[in-house]
Each structure stands twice: as structure tokens, then as C-alpha cells.
Amino acid sequence: GKAGFDKDGFDQDVLQLNYAFKPSERTSVRLFGKYNYNHSDLDEGAFTDDKDFAEHNDNTIAGVSSDYKMKHGFIRLQYYFNQFNRNFLDDSILPSDYGNYQKGRYNGTSNFAEIYTNLHFNDHVEFLAGADFRTNKTDQAYIYYPDYGYPALPVSGDSAKTNQLSGYASLFLKSKNFNLDFGGRWNHHSIYGNNFTYSINPFLLINDHYKVYVNIASGYNVPSLYQLYSEYGNRKLKPEITTGYEAGVQYFTNTINARVTGFIRNGKDVILFYTDPLTYNSYYINGDKQHDYGVETEATIHFAGKFAIAFNYTYVDGKVTSGLSGSKDTSYFNLYKRPKNVMNLSLNYTVNKNLYLSAHLKTVSKAFEPAYMAPPFQLNGYYVLDAYARYTFSKKIGIFSSFQNITGQKYFVTRGYTTKGFNVNAGLQLSL
């Protein structure tokens with residue numbers, strides 16, 4: 001509803017710079033930087049207004065990338081620096097805000113350096129190898145009053161930091177009808193030690209119109225510094241470990257391109273957000289097992305060079321098994337906010353060399369959102385209809401317009417937070 005809610009605003013300023021040059025015929029260098037500052041007003045939650053809750057963030061990214069071309073490939077050396085500061089303050093005193101006071105400061109810094117080479121030995125063999133090193137640290141301070149006996153202690157970058165050294169390589173073997181790409185990565189993490197991940201991707205071409213493919217890959221995801229050290233942090237967290245399998249077939253001609261893919265992903269020690277029902281203390285934990293599966297289909301069909309239809313459909317399901325109940329394992333669906341069924345349909349028509357029209361329909365099935373100390377809340381399914389038009393007067397000038405959510409559908413991706421209704425934007429494009 002609108003009763004009693006003030007209008008919350010959002011402001012953003014971005015400055016981005018890029019500079020590239022070639023010191024020699026074989027060498028190229030690119031320097032880049034970006035600064036982003038934004039400020040936003042917030043509410044107490046989905047259904048509760050807050051008159052004096054705000055946050056401001058700033059993010060600085062800078063780096064350099066250099067390529068050296070060789071006869072059969074190239075070598076790339078790159079470095080990135082990222083500094084992010086997030087601050088929020090809620091100094092509410094109104095009874096509707098429960099008289100809470102909270103202030104948070106989260107500062108993070110990361111460095112990433114990498115060198116790798118990509119070599120084409122011949123038409124049948126390609127090789128990629130490299131190494132990278134990354135560091136992360138954070139300073140965090142959170143104050144909440146009243147703290148109900150669970151104060152959050154500040155952390156500093158001297159203790160809340162990690163680094164990781166990695167080496168990786170992959171080999172791509174190509175023949176007329178059969179290709180194979182396989183590789184692996186070794187990581188040494190300052191907290192979690194050594195781990196190894198791999199990927200195997202063979203595919204077979206049949207009759208110049210069919211491709212059958214398989215992918216087997218492992219994954220290793222360490223907890224973030226926020227999950228380890230914040231007011232909800234748990235320094236006993238383990239990394240997530242996953243293994244994924246997918247297989248599919250693709251059909252392609254000059255006018256049709258279609259494929260269907262089935263996938264399964266199994267994981268353990270999946271990181272979850274948990275609230276203790278006795279103490280109401282909230283923190284991150286490791287679940288036991290995660291099992292996800294689904295299918296993806298997509299197709300594009302061209303008619304007479306002017307009209308095209310594009311279609312895709314995705315089905316996904318999954319559950320986590322956890323032993324939190326104490327007596328026995330409990331399995332439940334946990335792909336929250338992830339609808340099981342999503343379908344997209346696009347119609348594209350090139351009327352002539354000047355006019356292009358497009359329409360897009362998206363349908364989403366119901367989804368579920370976790371609720372505090374209650375059964376999950378159902379988010380109803382919805383559809384959205386969009387349209388786009390572009391007219392070019394010449395190679396140098398054109399106009400365009402897009403129409404989004406034409407039927408003005410009201411739906412929720414997150415409970416209590418409305419999404420935009422019907423809106424239009426238009427523009428002029430100039431090429432000098």
C-alpha cells in the first residue's frame with residue numbers, strides 16, 4: 001500500500017576512463033579505471049516504512065592489461081585493483097520503527113594479478129595455461145541497539161583477509177567431427193589449503209546438422225569474507241564442493257538452430273543462512289547435500305530472411321538435505337525465488353532496410369520465498385509483454401523506442417517490493 005510511505009530516492013554518479021596504446025608492433029597496453037558512487041533511501045522492510053534509513057556506497061576499480069602477440073598465439077598480463085565501501089545508517093526514533101538504531105560499515109579491498117598464454121599449435125591443437133594470485137581483506141563494524149545480548153564485534157583487515165594462488169591449463173583437440181576440451185585448476189587458499197577442479201567437454205558432429213555434447217565439471221567455492229566475518233559470520237564454514245553433469249543435442253541448418261540440454265548438479269557443504277529457533281540468532285551454516293536438476297531448450301527459426309522466431313524454455317528443480325533437526329536428515333526445496341518454469345518467446349520482423357520490429361513475451365511460474373519462522377511464501381506466476389521498434393533514416397542517424405510491460409502486469413520477484421509497470425523509452429542514435 002501507499003499509506004504513510006515516503007518517496008525513497010536513488011542517485012548514482014559514475015566516471016569511467018580507458019586508454020589504450022601500442023608500444024610496439026607486437027605489444028598492446030590498456031589502462032582503465034572506474035569510480036562509482038551511489039546513495040539510496042531505504043525502508044524498514046517489505047511492509048514497513050522508514051523515514052531516516054539510508055545507505056551510500058562507493059567503488060573504485062583500476063587496472064592494466066598488456067598483450068604480447070606471438071606467431072602461434074599471445075601472452076597476456078593483467079592486474080586489477082578493487083576497493084568497495086558500503087555504509088548505512090538507520091537512526092530511527094519513531095515508534096513504527098521500534099526505536100531501533102543501526103549503523104554498518106563494510107570496507108573491502110581486493111587485488112588480482114594474472115598471466116596466461118593461448119597457443120594455436122596447428123588446426124587440431126590449442127593450448128591454454130596460466131596462473132593468478134588474488135588477495136582480499138575487509139574492515140567491518142556493525143552497531144545495533146538494542147542488541148538483545150548479541151553484540152557484533154568489529155573486525156579489521158589485519159585478521160579478516162585471505163589470499164589464493166592458482167595455476168590452470170586446458171587442451172583443446174579438434175578434428176573434422178570430434179572435439180575434446182579438457183583442463184584443470186589447482187588452487188592454494190590461505191585458509192582452506194589446496195584443492196583441484198576439472199572440466200571435460202567432448203562433442204561430436206553428425207551429418208553436418210547435429211551436434212551431441214557432454215560436459216562434466218567440478219566446482220569449489222570458498223565462503224566470502226562477509227559470510228566469515230560479518231555480524232552473521234561463521235568462521236567454521238567449509239567451502240562448497242559441487243560436481244555438475246550435462247548432456248544435450250543440437251540441430252542446425254541455415255534457417256534453424258535448436259538444442260535441448262539436461263543437467264544435474266550435486267553439491268555438499270552448501271552455504272545456507274540459518275536462524276536458531278530458540279535464540280533467534282542468525283548466521284551462515286553449511287548444509288549437507290544439494291541436488292539440482294533440470295532441462296533447457298531453445299530454438300531460433302528464420303523465415304525468408306525477414307521474419308524470425310526465437311524460443312527458450314527452462315525447467316529447474318532442487319533440494320537440500322540437512323541434519324539440523326538432530327534426529328535425522330531433512331530434505332526440502334530450497335531454490336527460493338527461482339521459478340521451476342520460465343519461457344521466453346520473441347518475434348522479430350525486418351519490414352525493410354529501414355524499419356525493424358520486435359515483440360517479446362516472458363512467462364514465469366510460481367516461486368517461493370523463505371519466511372522467518374513460518375512456511376515459505378508463494379510468489380504467484382506472471383507474464384510480461386514487451387515491444388521494440390527501430391527506424392534508420394541513413395547509416396548515420398536513427399530512432400528507436402521500447403515498450404515494457406505493455407499490459408501493466410503487477411507481480412513480485414521479492415515479496416513486498418513492487419516491480420515497474422508499463423513504461424516507454426525512446427531515443428535518437430547518431431554515428432559520426
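None of the values given here were measured: they were computed from a predicted structure.
Using a 4.5 Å cut-off on side-chain heavy atoms (C-beta onward), T255 and F303 make no contact. Between L379 and R415 the shortest side-chain heavy-atom distance falls below 4.5 Å. Inter-residue side-chain proximity for L15 and Y37 is flagged as unmet; no heavy-atom pair is nearer than 4.5 Å. The side-chain heavy atoms of P223 and Y192, taken from C-beta on, include a pair separated by under 4.5 Å. In this structure, the side chains of V364 and Y411 stay at 4.5 Å or more apart for every pair of heavy atoms. Looking only at side-chain heavy atoms (C-beta outward), N405 and K420 stay at 4.5 Å or farther from each other. Looking at D132 and R134, their side chains come closer than 4.5 Å, going by heavy atoms from C-beta outward. Inter-residue side-chain proximity for F121 and H72 is flagged as unmet; no heavy-atom pair is nearer than 4.5 Å.
Within a 6.0 Å sphere centred on CG of N18, heavy atoms belonging to other residues, nucleotides or ligands number more than 12. At most 12 heavy atoms of other shown residues, nucleotides or ligands fall within 6.0 angstrom of atom CD in E25. Annotation for K174: atom NZ counts as buried by contact number, over 12 foreign heavy atoms lying within 6.0 Å. Other residues, nucleotides and ligands contribute over 12 non-hydrogen atoms within 6.0 Å of the NZ atom of K22. Around atom CZ of R338, no more than 12 heavy atoms belonging to other residues, nucleotides or ligands sit under 6.0 Å away. Dense packing is recorded around CG of N352, with more than 12 heavy atoms of other residues, nucleotides or ligands lying under 6.0 Å away. For K211, the NZ atom counts as densely surrounded, since its 6.0 Å shell holds more than 12 non-hydrogen atoms of other residues, nucleotides or ligands. For R259, the CZ atom sits in a packed shell: over 12 heavy atoms of surrounding residues, nucleotides or ligands are nearer than 6.0 Å.
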* **Worked verdict on L173 versus F182 for side-chain contact (heavy atoms from CB on, under 4.5 Å)** => CA-CA 9 Å; L173 305 177; F182 63 94; 4.3 Å; yes
**Request:** Applying side chain to side chain donor-acceptor pair (under 3.5 Å), run through K337 and T414 and close with a yes or a no.
**Result:** CA-CA 7 Å; K337 298 186 183 181; T414 298; 3.2 Å; yes
(Q) side-chain contact (heavy atoms from CB on, under 4.5 Å) for K34 and N59? Distances and angles first, verdict last. (A) CA-CA 8 Å; K34 181 178 181 180; N59 184 26; over 6 Å; no
I would like to know whether S218 and I241 meet side-chain contact (heavy atoms from CB on, under 4.5 Å); could you show each step before the answer? CA-CA 8 Å; S218 64; I241 301 175; over 6 Å; no
Determine whether N111 and Y79 satisfy the following criterion, side chain to side chain donor-acceptor pair (under 3.5 Å), listing intermediate values before the conclusion.
CA-CA 8 Å; N111 294 271; Y79 167 75; 2.5 Å; yes
> Should Q16 and N36 be marked as a side chain to side chain donor-acceptor pair (under 3.5 Å) after you check the CA-CA gap, both sets of side-chain angles, and the distance that decides it?
Replying inline: CA-CA 9 Å; Q16 182 169 312; N36 184 323; over 6 Å; no
- [ ] Step by step, work out the side-chain contact (heavy atoms from CB on, under 4.5 Å) result for F172 and L128.
- [x] CA-CA 8 Å; F172 190 24; L128 173 72; over 6 Å; no
For a ring pair (Phe, Tyr, Trp, His ring centres under 6.0 Å) check, start with the C-alpha distance between Y283 and Y232, then their side-chain angles and the critical distance, and finish with the verdict. CA-CA 4 Å; Y283 48 89; Y232 304 112; 9.5 Å; no
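In this structure, CG in N341 is found 10.0 Å from NZ in K366, a value given to the nearest 0.5 Å. With values rounded to the nearest 0.5 angstrom, N312 atom CG is found 7.0 Å from T297 atom OG1. For the atom pair CZ of F196 and CH2 of W186, the computed distance is 11.5 Å after rounding to the nearest 0.5 Å. Separation of atoms CG (L77) and OG (S65) is listed at 8.0 Å; rounding is to 0.5 Å. Of the inter-residue distances, the one linking N163 atom CG with N136 atom CG reads 9.0 Å to the nearest 0.5 angstrom. Once rounded to the nearest 0.5 Å, the distance linking CZ of F252 with OH of Y210 reads 10.5 Å.
S401 places a side-chain N or O within 3.5 Å of a backbone atom of N425 that can act as its donor or acceptor partner. The backbone N or O of A247 sits nowhere less than 3.5 Å from a side-chain atom of T261 that would complete a donor-acceptor pair. Not one N or O on the side chain of N187 forms a donor-acceptor pair closer than 3.5 Å with the backbone of Q164. Judged by distance alone, with hydrogens and angles left aside, the side-chain atoms of R26 form a donor-acceptor pair with the main-chain N or O of K69 at under 3.5 Å. Side-chain atoms of H291 never come within 3.5 Å of backbone atoms of N266 as a donor-acceptor pair (strictly under, hydrogens ignored). Checking side-chain atoms of N354 against main-chain N and O of T392 turns up a donor-acceptor pair under 3.5 Å. A distance-only check finds no donor-acceptor pair linking the side chain of E126 to the backbone of N118 [under 3.5 Å]. Judged by distance alone, with hydrogens and angles left aside, the side-chain atoms of S170 form no donor-acceptor pair with the main-chain N or O of G183 at under 3.5 Å. Distance alone, capped at 3.5 Å, is enough to place a donor-acceptor pair between the N234 side chain and the Y284 backbone. Under the 3.5 Å distance criterion, the side-chain polar atoms of N122 are left unmatched by any main-chain donor or acceptor of H120.
Between S230 and Q140, the shortest heavy-atom contact is CA-OE1, 3.0 Å. Of all heavy-atom pairs between N107 and R86, the closest is OD1-N, 4.2 Å. Scanning all heavy atoms of the two residues, the minimum distance from F10 to S40 falls at CD1-CB, 3.6 Å. Nearest heavy atoms, N286 versus K238: OD1-N, 2.7 Å. The minimum heavy-atom distance between S402 and Y388, with the atom names listed, is CB-CD1, 4.0 Å. Minimum heavy-atom separation, F53 to Q102: CZ-NE2, 4.1 Å.
In this model, no donor atom of one side chain and acceptor atom of the other lie less than 3.5 Å apart for E298 and N344. Side-chain atoms of Y356 and N348 form a donor-acceptor pair, as typed in the model, at a separation below 3.5 Å.
A centroid separation of 6.0 Å or more is found between the aromatic rings of Y315 and Y313. For F32 and Y80, the distance between ring centers is under 6.0 angstrom.
A side-chain contact (heavy atoms from CB on, under 4.5 Å) with Q290 holds for exactly one of D269, T321, I271, V270; it is V270.
When the side chain to side chain contact (heavy atoms under 4.5 Å, CB included) test is applied to Q83, the partners found at least two apart in sequence or on another chain are F81, N85, T109.
In this pair, H39 and H56 present their aromatic rings parallel. The plane angle is below 30°, not in the 30 to 60° band.
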